[in-house]
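Remarks on the structure that follows.
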Amino acid sequence: LSLHDALPICSFAGILLKHQGLESYDIGTDIDRKEIDKAKKSGSYKNIILADASHLPFKDNTFKTIFSNGSVEHFSNFELCLSEIHRVLSKDGICYLTVPSSAIGKYLLFSRICRFLRLGIFADAYEYFFNSLFKHKNLYSHNEWK
């Protein structure tokens with residue numbers, strides 16, 4: 001199972017498929033119909049399902065592997081989504097989540113330039129704008145994610 005990616009699900013999935021020498025993944029999900037259409041055209045998935053991660057339409061213990069690339073930081077109902085991921089993951093399964101840390105904004109070029117010029121207030125405003133624009137709701141430090 002592959003959950004919604006911040007990058008289109010077909011982009012990152014395609015890179016991994018090529019690297020792993022696989023033909024396609026069994027199931028991909030996304031909450032965005034446009035991304036579903038792109039994923040169908042990519043051929044990266046056998047099945048694509050429009051689904052919200054807070055209400056996954058699968059039975060308990062369905063998946064041996066779940067991969068989520070850059071999605072959980074966008075979830076509105078974070079705890080419920082993680083609970084759903086846990087519910088559909090088999091007891092001996094593995095879940096891979098990739099997420100940015102709360103420091104993501106500090107690595108943006110404009111932010112770095114502002115900080116270099118000692119214009120921290122502009123850097124802070126830009127980082128806030130960036131996280132709002134990309135709808136980051138759950139940004140935690142590296143240790144908090146662990």
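We're numbering straight along the sequence, starting at 1. Values below: all heavy atoms of this structure, side chains included; hydrogens, waters and symmetry mates excluded.
Relative orientation of the F67 and Y96 rings is tilted, given thresholds of 30° and 60° on the angle between their planes. Taking the six-membered ring where tryptophan is involved, the planes of Y45 and Y25 are tilted, since the angle between them lies from 30° to 60°.
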Practice problem: I would like to know whether N69 and T98 meet side chain to side chain donor-acceptor pair (under 3.5 Å); could you show each step before the answer? | Solution: CA-CA 5 Å; N69 179 49; T98 66; 2.6 Å; yes

Quiz prompt | Worked check of side chain to side chain contact (heavy atoms under 4.5 Å, CB included) between D92 and K64 | solution = CA-CA 7 Å; D92 60 342; K64 188 115 174 119; 2.7 Å; yes

Practice problem: Apply side chain to side chain contact (heavy atoms under 4.5 Å, CB included) to C95 and I85, showing your working. | Solution: CA-CA 8 Å; C95 178; I85 291 168; 3.7 Å; yes

Exercise. Would you please test F58 and I49 for side chain to side chain contact (heavy atoms under 4.5 Å, CB included) and show each step?
Key: CA-CA 11 Å; F58 308 109; I49 298 171; 3.6 Å; yes

Quiz item: Would R33 and L50 satisfy side chain to side chain contact (heavy atoms under 4.5 Å, CB included), going step by step from the backbone distance to the final call?
Solution: CA-CA 7 Å; R33 187 168 298 282; L50 184 67; 3.0 Å; yes

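Annotation for L56 and R87: closest pair O-NH2, 2.9 Å, computed over non-hydrogen atoms. Of all the heavy atoms in L97 and L82, the pair that sits closest is CD1-CD2, 4.3 Å. Listed here is the closest heavy atom pair of F122 and C114: CB-SG, 3.8 Å. Closest approach of L139 to S101, counting heavy atoms only: CD2-O, 3.9 Å.
If you chain together hydrophobic residues whose side chains sit under 4.5 Å apart, F130 and L109 never meet in one group. Cluster membership check: I104 does not share its hydrophobic cluster with V72, using side-chain heavy-atom separations under 4.5 Å among Ile, Leu, Val, Met, Phe, Trp and Tyr.
Under the side chain to side chain contact (heavy atoms under 4.5 Å, CB included) criterion, D124 pairs with R115, E127, sequence neighbours left out.
Counting non-hydrogen atoms of other residues, nucleotides and ligands closer than 6.0 Å to CZ of R112 gives a total of 12 or fewer. For CD1 of I121, the number of neighbouring non-hydrogen atoms (other residues, nucleotides, ligands) closer than 6.0 Å is 12 at most. When the shell of 6.0 Å around NZ of K135 is examined, it contains 12 or fewer heavy atoms from other residues, nucleotides or ligands. Within a 6.0 Å sphere centred on OH of Y128, heavy atoms belonging to other residues, nucleotides or ligands number 12 at most.
N77 CG to K137 NZ: the interatomic distance, rounded to the nearest 0.5 Å, is 11.0 Å. Atom CD1 in I36 sits 13.0 Å away from atom NZ in K41 (nearest 0.5 Å). The CD1 atom of I48 sits 9.5 Å away from atom CD1 of I27, with the distance rounded to the nearest 0.5 Å. Once rounded to the nearest 0.5 Å, the distance linking CD1 of I94 with OG1 of T65 reads 6.0 Å.
Not one N or O on the side chain of S111 forms a donor-acceptor pair closer than 3.5 Å with the backbone of Y107. With hydrogens and angles ignored, the 3.5 Å screen pairs a side-chain donor or acceptor of T62 with a backbone N or O of K59. Proximity of a side-chain donor or acceptor of N138 to a complementary backbone N or O of F75 within less than 3.5 Å is detected. Counting only distance, with no hydrogens or angles, the side chain of E84 and the backbone of C81 share no donor-acceptor pair below 3.5 Å. The backbone N or O of F134 lies less than 3.5 Å from a partner atom in the side chain of H74, making a donor-acceptor pair. Checking side-chain atoms of S90 against main-chain N and O of F63 turns up a donor-acceptor pair under 3.5 Å.
If you check the side chains of S54 and D52, you find a donor sitting under 3.5 Å from an acceptor.
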